[in-house]
Amino acid sequence: HPALWNAAWGARMVRVPNDGEDQVISFVRVHESGDAMVAAFNLSDRPAQVRLGAAPGQDLRYADAFDGAPVPLEEGTVWELPAWGYRVGVTPR
């Protein structure tokens, strides 16, 4: 995905605010081509349930990078992550 390319060829990482930032980092990368990815990583040994804030790319559709299931990114969406877990969504190609 071009959104993950390095340096000037890729997209800038923009933090997606969430209500559990002491546990979870979430961000989006939106490339000028329309390619995008969103990810959240639980960096703790406890399960997390976080509500996402506003972010660029919320008007795009995302699919789970591993199983293709839809990944919602609207403001207020709640994501559940297991301990040390993650979620990665990409725009379908």
Side-chain angles (χ1 to χ4, degrees):
H1 280 275
L4 296 176
W5 291 348
N6 195 19
W9 300 278
R12 184 172 62 94
M13 182 185 97
V14 177
R15 293 284 296 264
V16 175
N18 71 67
D19 63 357
E21 291 187 347
D22 60 326
Q23 245 180 300
V24 174
I25 182 171
S26 49
F27 63 91
V28 64
R29 292 179 68 170
V30 180
H31 191 267
E32 62 190 26
S33 68
D35 230 356
M37 64 84 57
V38 60
F41 297 90
N42 182 356
L43 303 176
S44 77
D45 61 356
R46 301 178 326 271
Q49 183 175 0
V50 296
R51 185 173 310 279
L52 303 177
Q58 289 184 323
D59 57 331
L60 301 173
R61 288 188 189 176
Y62 295 88
D64 187 282
F66 305 102
D67 68 12
V71 175
L73 183 60
E74 295 82 27
E75 183 175 358
T77 297
V78 175
W79 282 8
E80 294 188 27
L81 301 166
W84 307 114
Y86 55 88
R87 188 163 195 190
V88 178
V90 295
T91 51
R93 293 184 150 196

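Side chains included, hydrogens not; waters and symmetry mates left out as well; all remaining heavy atoms used. Being a predicted model, the structure only gives us computed values, none of them experimental.
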Give every donor-acceptor pair under 3.5 Å between a side-chain atom in residues 35-46 and any protein atom, sequence neighbours left out.
{"unit_1": "Asp35", "atom_1": "OD1", "unit_2": "His1", "atom_2": "ND1", "d": "2.9"}
{"unit_1": "Asp35", "atom_1": "OD1", "unit_2": "Thr91", "atom_2": "OG1", "d": "3.1"}
{"unit_1": "Asp35", "atom_1": "OD2", "unit_2": "His1", "atom_2": "ND1", "d": "3.4"}
{"unit_1": "Asp35", "atom_1": "OD2", "unit_2": "Arg93", "atom_2": "NH2", "d": "3.0"}
{"unit_1": "Asn42", "atom_1": "OD1", "unit_2": "Ser44", "atom_2": "N", "d": "3.1"}
{"unit_1": "Asn42", "atom_1": "OD1", "unit_2": "Ser44", "atom_2": "OG", "d": "2.8"}
{"unit_1": "Asn42", "atom_1": "ND2", "unit_2": "Arg46", "atom_2": "O", "d": "2.7"}
{"unit_1": "Asn42", "atom_1": "ND2", "unit_2": "Pro82", "atom_2": "O", "d": "3.0"}
{"unit_1": "Ser44", "atom_1": "OG", "unit_2": "Gln23", "atom_2": "NE2", "d": "2.8"}
{"unit_1": "Ser44", "atom_1": "OG", "unit_2": "Arg46", "atom_2": "N", "d": "3.3"}
{"unit_1": "Ser44", "atom_1": "OG", "unit_2": "Arg46", "atom_2": "O", "d": "3.2"}
{"unit_1": "Arg46", "atom_1": "NH2", "unit_2": "Gln23", "atom_2": "OE1", "d": "3.3"}

May I have the list of side-chain donor-acceptor pairs in residues 61-69 shorter than 3.5 Å, sequence neighbours left out?
{"unit_1": "Tyr62", "atom_1": "OH", "unit_2": "Gly57", "atom_2": "O", "d": "3.1"}
{"unit_1": "Asp64", "atom_1": "OD1", "unit_2": "Phe66", "atom_2": "N", "d": "2.7"}
{"unit_1": "Asp64", "atom_1": "OD1", "unit_2": "Asp67", "atom_2": "N", "d": "3.0"}
{"unit_1": "Asp67", "atom_1": "OD1", "unit_2": "Ala69", "atom_2": "N", "d": "2.9"}

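Of the possible polar contacts, none joining the Trp79 side chain to the Tyr86 backbone as a donor-acceptor pair under 3.5 Å is found. In this structure, the side chain of Arg51 does not engage the main chain of Asp19 through any donor-acceptor pair within 3.5 Å.
Closest of all the heavy-atom pairs between Pro56 and Leu73 is O-CD2, 4.4 Å. Nearest heavy atoms, Phe27 versus Met13: CD1-CG, 3.4 Å. The two residues Trp9 and Trp5 make their nearest non-hydrogen contact at O-CE3, 3.3 Å. The minimum heavy-atom distance between Ala48 and Val24, with the atom names listed, is CB-CG2, 3.7 Å.
Cluster annotation: Val88 is connected to Leu4 through the hydrophobic network of ILVMFWY side chains, with a link wherever side-chain heavy atoms come within less than 4.5 Å. Note on Val90: it does not cluster hydrophobically with Val30, by side-chain heavy-atom contacts below 4.5 Å among ILVMFWY residues.
With contacts defined as side-chain heavy-atom distances shorter than 4.5 Å, the pair Ser26/Val50 does not qualify.
Side-chain contacts under 4.5 Å among hydrophobic residues (ILVMFWY), followed directly or transitively, place Trp84 with no other residue at all.
The side-chain contact (heavy atoms from CB on, under 4.5 Å) check on Glu80 picks up Gln49, with sequence neighbours excluded. Partners of Ala54 by side-chain contact (heavy atoms from CB on, under 4.5 Å), not counting sequence neighbours, listed by chain and number: Gln58, Glu75. Under the rule for a side-chain contact (heavy atoms from CB on, under 4.5 Å), the partners of Arg12 that lie at least two apart in sequence or sit in another chain are Val14. By the side-chain contact (heavy atoms from CB on, under 4.5 Å) test, Glu32 is found to be paired with no residue, residues two or more places apart in sequence or in another chain being considered.
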